[in-house]
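Right, one structure below, let's go through it.
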Protein chains: 2
Amino acid sequence: MQSEDRPIGRKRNPIIEEARRRQIIDAAIETVASVGYAQASLSRIAQHARISKSVISYHFAGKDELLEQVVKQIYADTWTFIQARLETETTAAGRLRAYIQSNLDYLRSHRSRVLAVGDIVGSHRAADGTPRFATTTDESVITLLTDILRQGLDDGEFRDFDPQVVAVTVGQALIGALGRWAVDPTVDLTAYANELITLFDRATRK
Amino acid sequence: MQSEDRPIGRKRNPIIEEARRRQIIDAAIETVASVGYAQASLSRIAQHARISKSVISYHFAGKDELLEQVVKQIYADTWTFIQARLETETTAAGRLRAYIQSNLDYLRSHRSRVLAVGDIVGSHRAADGTPRFATTTDESVITLLTDILRQGLDDGEFRDFDPQVVAVTVGQALIGALGRWAVDPTVDLTAYANELITLFDRATRK
DNA sequence: CTGATAGTAGGCCGATCGGCCTAATAGATA
DNA sequence: TATCTATTAGGCCGATCGGCCTACTATCAG
């Protein structure tokens, strides 16, 4: 009888397994970044990674899972970065400012990754044509911002407004900044961030 | 020799030709509205219009031209509506307010059409994967808003800000409203409009 | 050495799409 | 009526995609 934990055949380190997945995920990101989501077929991704298409099928359940991992990874990185900045602020106004600032800071230093994930989130659809990531992603951002704003409202820090509306608008403002910067990389994101911070500070203060 | 203006064969009224195009355009709008852009193949559109696929090919150069006409028509209608509202205002602040208000008013009374064109603009890509309408559409909206804002800046009506940034943010805010309303039709667009008007009024005033 | 098995390569399959071709139809003109 | 041509129906074609299958390779246990 065999040991269940030790099958007979080749048993590489699971680290290699994980490394392979990372390699494929990275290749997917780079492919989307260079040719866009619409052209990023499994063939193109495999070609970019210099592997066979079936390697992707072997390590991922399908294209859906691969893209899901891509989005998940980049969002996790982004969130880690932003969260650290949020924690240094105590007031709602400060947290709102920090959110805008850190968001655009992150974009600036991870251009291709952010553009790639933006393309994927905006373009990838389920079999029935409904957006696969766009809604859930937006929802989580809006929830976070709404919480910050509601705190400020409860503390009497802000004027009276609908936190949902302002949250959506802040989120969309950042997407707008990303869009402008995607079209024209010479846009000064630092100045852009300052403009938005002033805009929403005036929009929310008493 | 034949008269050039009067060929021998059947020569229906060109009005019928135009009516056919309108019928196809309407069918395309309804198809996108009901099943989404991703599922709106030429077959589906033809099926919805109860005609053969080749009728579309006969009256339009291709899917690109059909969708172009769809977008062009709906934008023309929208613009006519909004422009009338803008003309009643003289101050920049008033025009900005009217723009936001009339935009959301139009959405409310033409839900399916606006959602359809939004889906098309956001999803339709050229053969190389680049957005076909999204960029040019955004650009024209931003240009219009920038002009309004610049007028207000020149007249000393507004505080000092970058009109590009505010224009992009206003445009995105409206897209955000559309997005929320697409997900949840019970959203009160009148209240939403008032929130946005107040928000941007405070954001731009001196 | 030998067998078992994880991992990889390459190619094939069914589905879908937009575009195109061909034949049939119908109405206007002579 | 005979004929010409605008219009339509239906089906086919080439391309592309994601997923799957089969065979080959490399490595490790015994």
Side-chain angles (χ1 to χ4, degrees), chain A residues 1-24 27-28 31-32 35-68 123-129 132, chain B residues 1-21 23-24 27-28 31-32 35-68 120 123-129 132:
Chain A
M1 190 177 184
Q2 289 291 132
S3 161
E4 286 155 10
D5 295 339
R6 294 231 175 192
I8 292 186
R10 164 208 214 173
K11 193 63 185 179
R12 292 276 202 79
N13 206 323
I15 293 181
I16 292 184
E17 156 74 8
E18 197 49 37
R20 208 55 163 145
R21 284 174 66 95
R22 286 298 272 263
Q23 177 199 352
I24 295 171
T31 305
V32 173
V35 301
Y37 168 84
Q39 308 291 323
S41 65
L42 288 183
S43 303
R44 287 287 281 258
I45 296 172
Q47 187 180 342
H48 194 284
R50 321 248 265 172
I51 58 177
S52 174
K53 214 176 35 154
S54 54
V55 179
I56 299 178
S57 299
Y58 183 80
H59 291 280
F60 295 89
K63 196 180 188 181
D64 268 10
E65 199 215 327
L66 170 59
L67 293 181
E68 195 178 314
S123 303
H124 189 53
R125 308 293 161 96
D128 63 357
R132 193 71 159 213
Chain B
M1 190 177 184
Q2 289 291 135
S3 160
E4 286 154 12
D5 293 339
R6 294 228 176 192
I8 293 184
R10 163 206 213 171
K11 193 63 185 181
R12 292 275 201 81
N13 207 320
I15 293 181
I16 293 184
E17 155 74 8
E18 196 50 36
R20 207 59 163 141
R21 283 174 65 95
Q23 177 198 353
I24 296 171
T31 306
V32 172
V35 301
Y37 168 84
Q39 309 289 323
S41 65
L42 288 183
S43 303
R44 288 287 281 259
I45 295 172
Q47 187 179 342
H48 194 283
R50 320 247 265 170
I51 57 176
S52 174
K53 213 175 37 154
S54 54
V55 179
I56 299 178
S57 299
Y58 183 78
H59 290 280
F60 295 90
K63 195 178 188 182
D64 268 10
E65 199 216 327
L66 171 58
L67 293 180
E68 196 178 314
I120 294 173
S123 303
H124 189 53
R125 306 295 161 94
D128 64 356
R132 192 71 161 215

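If you're wondering where the values come from, they're calculated on a predicted model, not measured in any experiment. In what follows, every chain begins at residue 1, and chains take the letters A, B, ... in the order their sequences are listed. Computation of the quantities below employed the complete heavy-atom set of this structure, encompassing side-chain atoms and omitting hydrogens, waters and symmetry-equivalent molecules.
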Inset, instruction - Please figure out whether A:Ser57 or A:Gln39 has its closest DNA chain D nucleotide nearer the 5' end. - result: A:Gln39

Inset, instruction - Return the minimal non-hydrogen interatomic distance between A:Ala38 and B:Gly129, and the atom names on each side. - result: CB-CA, 3.9 Å

Legend entry - Below 4.0 Å: OP1/OP2 of D:dT8 and any side-chain N or O of B:Arg20: yes

Inset, instruction - To the nearest Å, give me how far apart CG (B:Leu42) and C1' (C:dG19) are. - result: 9 Å

Legend entry - Gap between atoms CZ and C1', on A:Arg44 and D:dG19 respectively (whole Å): 20 Å

Inset, instruction - For A:Ile45 and D:dC17, give me the distance from atom CD1 to atom P, rounded to whole Å. - result: 11 Å

Inset, instruction - Round to the nearest Å and state the distance from A:Arg21 atom CZ to C:dG7 atom P. - result: 12 Å

Legend entry - Spacing between B:His59 atom NE2 and C:dG19 atom C1', to the nearest angstrom: 16 Å

Inset, instruction - Can you tell me the distance, in whole Å, between the CG atom of A:Asp128 and the P atom of C:dT16? - result: 14 Å

Legend entry - Pairwise salt bridge (Lys or Arg N to Asp or Glu O under 4.0 Å) hits with a residue in residues 53-66 of chain B, at least two apart: B:Arg21-B:Glu65, B:Asp64-B:Arg132

Inset, instruction - Find the distance B:His124:NE2 to C:dG18:C1' and express it as a whole number of Å. - result: 11 Å

Legend entry - Under-4.0 Å side-chain N/O to phosphate OP1/OP2 contact, A:Tyr58 with C:dG7: yes

Inset, instruction - Side-chain contact test, heavy atoms from C-beta onward, threshold under 4.5 Å: evaluate it for A:Ile56 versus A:Ile51 and give yes or no. - result: yes

Inset, instruction - Specify the closest pair of heavy atoms between B:Ala40 and B:Val32, including all atoms of both residues, with the distance to one decimal. - result: CB-CG2, 3.8 Å

Legend entry - Interface residues of residues 47-56 of chain A with DNA chain C (non-hydrogen, below 4.0 angstrom): A:Ile51, A:Ser52, A:Lys53, A:Ser54, A:Val55

Inset, instruction - Calculate the interatomic distance between B:Phe60 atom CZ and D:dT7 atom P; express it in whole Å. - result: 13 Å

Inset, instruction - For the pair A:Ser54 (side chain) and A:Ser57 (backbone), establish whether a donor and an acceptor sit closer than 3.5 Å, ignoring hydrogens and angles. - result: no

Inset, instruction - First locate atom CD1 of A:Ile24, then atom OG1 of A:Thr31, and finally report the distance between them rounded to the nearest 0.5 Å. - result: 11.5 Å

Inset, instruction - State, without any angle test, whether B:Gln47 and B:Arg44 hold a side-chain donor-acceptor pair at a distance under 3.5 Å. - result: no

